[in-house]
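Quick note on labels: first sequence line is chain A, next is B, and so on, each numbered from 1. All values derive from a computational prediction rather than experimental measurement.
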Amino acid sequence: DSGVTQTPKHLITATGQRVTLRCSPRSGDLSVYWYQQSLDQGLQFLIQYYNGEERAKGNILERFSAQQFPDLHSELNLSSLELGDSALYFCASSPWDSANTGELFFGEGSRLTVL
Amino acid sequence: AQKITQTQPGMFVQEKEAVTLDCTYDTSDQSYGLFWYKQPSSGEMIFLIYQGSYDEQNATEGRYSLNFQKARKSTNLVISASQLGDSAMYFCAMREYDNQFYFGTGTSLTVIP
């Protein structure tokens with residue numbers, strides 16, 4: 001158990017709909033990252049937050065948005081869903097200045113299926 | 001340019017044999033970290049091993065070890081005594097100084113009985 005919690009684990013919805021994926025980072029981790037992994041693909045970086053502020057943005061579509069709340073949990077909002085948005089969405093957390101290795105701790109992912 | 005390159009989409013290894021998964025990286029930072037993650041068919045991402053850019057010794061973690069060649073910017077993962085449970089996708093990743101993480105496209109490893 002990495003300590004990162006993602007909900008829901010599975011989600012099936014229709015094209016055009018909107019969904020929200022939720023992530024609770026490890027206790028004490030201030031950084032949250034979102035990644036998208038489509039079928040048989042690598043991890044595509046979407047966005048990173050640190051202590052409530054957006055820190056870096058990757059290949060995130062305009063239909064997607066995210067935020068990190070004061071309690072450090074984060075939400076990824078996906079709207080006007082298309083078939084191609086079907087993927088495994090990972091949340092990961094990391095301490096900003098790790099005394100150790102500073103690796104990313106991944107949640108189990110939220111598997112989104114758009115029909 | 002790609003930050004992380006894994007040139008082996010798929011690899012096969014006989015059970016109990018050793019296998020090397022290749023990874024090269026590109027960075028201008030002096031301080032960075034290199035990671036390997038395993039993703040079994042169940043989907044979760046499992047951290048395996050870490051190498052810091054200033055570490056002079058190759059990292060080892062059980063059956064996992066890294067062949068870190070800083071001048072060549074490569075960090076190859078060696079899995080010794082392969083087991084059937086090692087069949088999975090393996091991702092190489094790099095953390096740069098600003099805490100940005102970059103992942104390779106992964107190598108699918110199949111262990112043959």
Side-chain angles (χ1 to χ4, degrees), chain A residues 1-6 8-10 23 25-26 29-51 53-59 86-113, chain B residues 2-10 21 23 25 29 31-55 57 59-61 64 66 68 75 77 88-110:
Chain A
D1 183 2
S2 68
V4 178
T5 304
Q6 285 189 250
K9 286 186 170 45
H10 300 275
C23 170
R26 283 189 335 148
D29 285 357
L30 300 180
S31 273
V32 169
Y33 301 74
W34 286 97
Y35 288 87
Q36 178 194 55
Q37 186 180 34
S38 301
L39 189 63
D40 296 331
Q41 296 292 313
L43 291 158
Q44 296 295 319
F45 170 63
L46 295 179
I47 199 164
Q48 180 206 356
Y49 282 85
Y50 171 70
N51 202 21
E53 294 189 3
E54 181 183 304
R55 180 69 68 169
K57 193 176 268 192
N59 300 320
S86 295
L88 186 57
Y89 291 85
F90 282 109
C91 169
S93 74
S94 174
W96 178 249
D97 290 311
S98 176
N100 298 311
T101 66
E103 74 265 26
L104 286 179
F105 294 88
F106 281 85
E108 293 183 346
S110 292
R111 186 169 296 279
L112 173 66
T113 302
Chain B
Q2 292 288 333
K3 287 280 189 179
I4 298 286
T5 302
Q6 294 182 253
T7 58
Q8 307 154 313
L21 306 184
C23 174
Y25 60 93
D29 284 359
S31 177
Y32 53 89
L34 299 162
F35 306 83
W36 279 88
Y37 284 84
K38 172 184 177 182
Q39 187 180 36
S41 58
S42 51
E44 72 268 32
M45 293 287 286
I46 302 167
F47 166 68
L48 293 178
I49 192 167
Y50 163 83
Q51 180 87 45
S53 58
Y54 292 118
D55 294 342
Q57 302 276 347
T60 62
E61 195 70 49
Y64 305 109
L66 292 182
F68 178 47
T75 176
L77 175 69
M89 282 290 289
Y90 289 82
F91 292 97
C92 178
M94 175 176 66
R95 170 176 52 81
E96 290 191 313
Y97 182 74
D98 61 356
N99 232 31
Q100 286 306 300
F101 279 82
Y102 302 91
F103 283 81
T105 51
T107 295
S108 176
L109 177 67
T110 302

> Which region of F101(B), side chain (C-beta onward) or backbone (N, CA, C, O), has a non-hydrogen atom less than 4.5 Å from a non-hydrogen atom of chain A, or is it both or neither?
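Backbone plus side chain of F101(B), per the 4.5 Å heavy-atom cut-off to chain A.
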> Under 3.5 Å, is there a donor-acceptor pair linking the side chains of Y33(A) and Y49(A)?
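Per modelled atom types, Y33(A) and Y49(A) side chains form no pair under 3.5 Å.
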> May I ask you to decide if Y89(A)'s main-chain N or O and Q6(A)'s side chain share a donor-acceptor pair within less than 3.5 Å?
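Judged by distance alone, yes, a pair lies under 3.5 Å.
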> Thinking salt bridges, do E103(A) and R95(B) make one under a 4.0 Å N-O criterion?
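No.
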> Where on Q51(B) is there a heavy atom nearer than 4.5 Å to chain A: the side chain, the backbone, both, or neither?
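Looking at Q51(B), nothing touches chain A.
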> For Q100(B), enumerate each residue passing the side-chain hydrogen bond (donor to acceptor under 3.5 Å, both in side chains) test, keeping only those at least two apart in sequence or located in another chain.
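side-chain hydrogen bond (donor to acceptor under 3.5 Å, both in side chains) check on Q100(B) returns Q48(A).
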> Given a strict heavy-atom distance threshold of 4.5 Å, which part of L104(A) is in contact with chain B: side chain, backbone, both, or neither?
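When you check distances to chain B, atoms from both the backbone and side chain of L104(A) fall under 4.5 Å.
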